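Please read all numbers here as calculations on a predicted model, not as lab measurements. Nothing fancy with the numbering, it's 1 onward along the sequence.
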Amino acid sequence: MQNKKRIKWTLFATLIMTVCFLAQFKLQAENADTFISPECVAYCEEIGGQYAICPELLEAIMESESSGNPKAQNGNCKGLMQINVNYHKNRMERLGVSDIYDERGNILLAADYLAELFREHGDIGTVLMLYNGSKNALERGLQADYTEYAKKIMERSQQLERLHQK
């Protein structure tokens, strides 16, 4: 009988320690710096500076759109920032980007497009909904009724900004 109690307490203690460990791991993951490559972080800083766009915003979009995979593809949307090749052909020519999978070029295209959206609309939530192709983005933006995508990007961008200030 004593052995059964000891086993139950051991299992209970193991369960409690596992729960505590997982909670700690989740908290660390939520406050983690970006998992994208250092080269892409450097491109975000460089290009973000050129366009007066927060590099952390570019990083957050990249994390969401491609998980940092430069070869990501979803239909006509390609690369780190999931640029729609058909929609941005003129932008590619104007900026001299011939390879949509080129990391720097892909980020450059996204930053140029985001800068255009910021000039036209100003509101970050609206800009992110338009970038993502959300339905009724303009109307929703006027109501500050942002999509989960826009809210997630804004939150992650702020989180990365806080982490980078340390």
Side-chain angles (χ1 to χ4, degrees), residues 26 28-166:
K26 182 177 187 278
Q28 288 174 348
E30 288 173 352
N31 292 314
D33 203 348
T34 186
F35 53 83
I36 61 177
S37 74
E39 294 83 13
C40 289
V41 170
Y43 293 145
C44 289
E45 290 171 2
E46 171 202 341
I47 295 167
Q50 278 179 257
Y51 284 92
I53 295 175
C54 174
E56 289 84 2
L57 178 64
L58 295 171
E59 292 171 29
I61 293 170
M62 185 185 307
E63 286 179 352
S64 178
E65 293 290 340
S66 69
S67 298
N69 177 5
K71 300 295 182 196
Q73 182 172 340
N74 183 10
N76 289 326
C77 298
K78 299 178 181 181
L80 290 167
M81 306 297 277
Q82 290 295 282
I83 301 298
N84 186 318
V85 183
N86 295 332
Y87 186 76
H88 295 285
K89 278 185 180 172
N90 291 339
R91 190 180 310 275
M92 290 177 69
E93 288 176 21
R94 180 172 50 82
L95 296 173
V97 177
S98 58
D99 179 6
I100 195 66
Y101 295 108
D102 172 69
E103 295 170 352
R104 186 181 183 287
N106 197 274
I107 296 167
L108 179 65
L109 291 166
D112 189 76
Y113 181 46
L114 287 165
E116 177 183 309
L117 293 173
F118 274 116
R119 281 190 305 275
E120 292 174 6
H121 306 287
D123 175 63
I124 188 171
T126 303
V127 166
L128 290 169
M129 290 189 296
L130 288 167
Y131 184 89
N132 188 243
S134 303
K135 278 188 169 186
N136 304 316
L138 294 175
E139 294 82 12
R140 290 186 75 169
L142 290 172
Q143 304 295 318
D145 175 29
Y146 304 131
T147 61
E148 289 304 311
Y149 172 86
K151 289 189 268 189
K152 178 179 83 170
I153 299 298
M154 289 187 288
E155 183 178 310
R156 181 61 175 150
S157 178
Q158 290 172 348
Q159 185 181 55
L160 288 168
E161 285 181 61
R162 284 191 302 272
L163 288 168
H164 293 170
Q165 288 177 355
K166 290 182 181 179

- Sub-4.5 Å side-chain heavy-atom contact between M92 and I100: yes
- Query: Counting N and O atoms only, with roles assigned by atom type, does the side chain of D102 sit under 3.5 Å from a partner on the main chain of G105, one being a donor and the other an acceptor?
  - Reply: yes
- Task: Taking all heavy atoms of Y51 and all of L95, pick out the closest pair and write down the distance.
- Result: OH-CD2, 3.8 Å
- Item | Side chains of R162 and Q159, donor plus acceptor under 3.5 Å | no
- Does N106 use its side chain to pair, donor to acceptor, with the backbone of M81 at less than 3.5 Å? yes
- Has the side chain of S66 got a donor or acceptor atom that lies under 3.5 Å from a matching backbone atom of M62? yes
- Query: About how many Å separate CG of L80 and CZ of R104, when rounded to the nearest 0.5 Å?
  - Reply: 13.0 Å
- Message: Set out, in order, the CA-CA distance, both residues' side-chain angles and the distance that settles side-chain contact (heavy atoms from CB on, under 4.5 Å) for L128 and L57, then state yes or no.
- Response: CA-CA 10 Å; L128 290 169; L57 178 64; 4.2 Å; yes
- Can you say whether the rings of H88 and Y113 are parallel (under 30°), tilted (30 to 60°) or perpendicular (over 60°)? perpendicular
- Is any side-chain heavy atom of I107 less than 4.5 Å from a side-chain heavy atom of C44? yes
- Query: What closest approach, in Å, do E116 and R91 show between heavy atoms, and which atom pair accounts for it?
  - Reply: OE1-NH2, 2.9 Å
- Query: Are more than 12 heavy atoms from other residues, nucleotides or ligands located less than 6.0 Å from atom NZ of K71?
  - Reply: yes
- Item | Criterion side-chain contact (heavy atoms from CB on, under 4.5 Å) on Y149 and I61, from CA distance to verdict | CA-CA 9 Å; Y149 172 86; I61 293 170; 4.0 Å; yes
- Note on the structure: Taking every heavy atom of H121 against every heavy atom of V127, the minimum-distance pair comes out as CB-CG2, 4.5 Å
- Message: Rounded to the nearest 0.5 Å, what separates atom CZ in R156 from atom CD in E63?
- Response: 4.0 Å
- Query: Does the side chain of Y146 come under 3.5 Å of the side chain of D123 through a donor N or O and an acceptor N or O?
  - Reply: yes
- So, T147 side chain and A150 main chain: donor-acceptor pair closer than 3.5 Å or not? yes
- May I ask you to say whether E148 pairs ionically with K151, meaning some side-chain N is under 4.0 Å from a carboxylate O? yes
- How long is the gap from CE on M129 to CD1 on I124, to the nearest 0.5 Å? 11.5 Å
- Taking every non-hydrogen atom, the tightest pair across Y131 and A110: OH-CB, 3.5 Å
- Query: At what distance, to the nearest 0.5 angstrom, does CG of N76 lie from CD of Q82?
  - Reply: 10.5 Å
- How far apart are the C-alpha atoms of E65 and N74, what are their side-chain angles, what is the distance that settles it, and do they pass the side-chain contact (heavy atoms from CB on, under 4.5 Å) test? CA-CA 10 Å; E65 293 290 340; N74 183 10; over 6 Å; no
- First locate atom NZ of K89, then atom CD of E93, and finally report the distance between them rounded to the nearest 0.5 Å. 9.0 Å
- Item | Atom pair CD1 (I153) and CD (E59), whose distance is rounded to the nearest 0.5 Å | 11.5 Å
- Close side-chain approach of L58 and L114, heavy atoms under 4.5 Å: yes
- Step through the shown structure and confirm whether more than 12 heavy atoms of other residues, nucleotides or ligands are within 6.0 Å of CD on Q73. yes
- Task: Check whether any side-chain heavy atom of K152 sits under 4.5 Å from a side-chain heavy atom of S64, and report yes or no.
- Result: yes
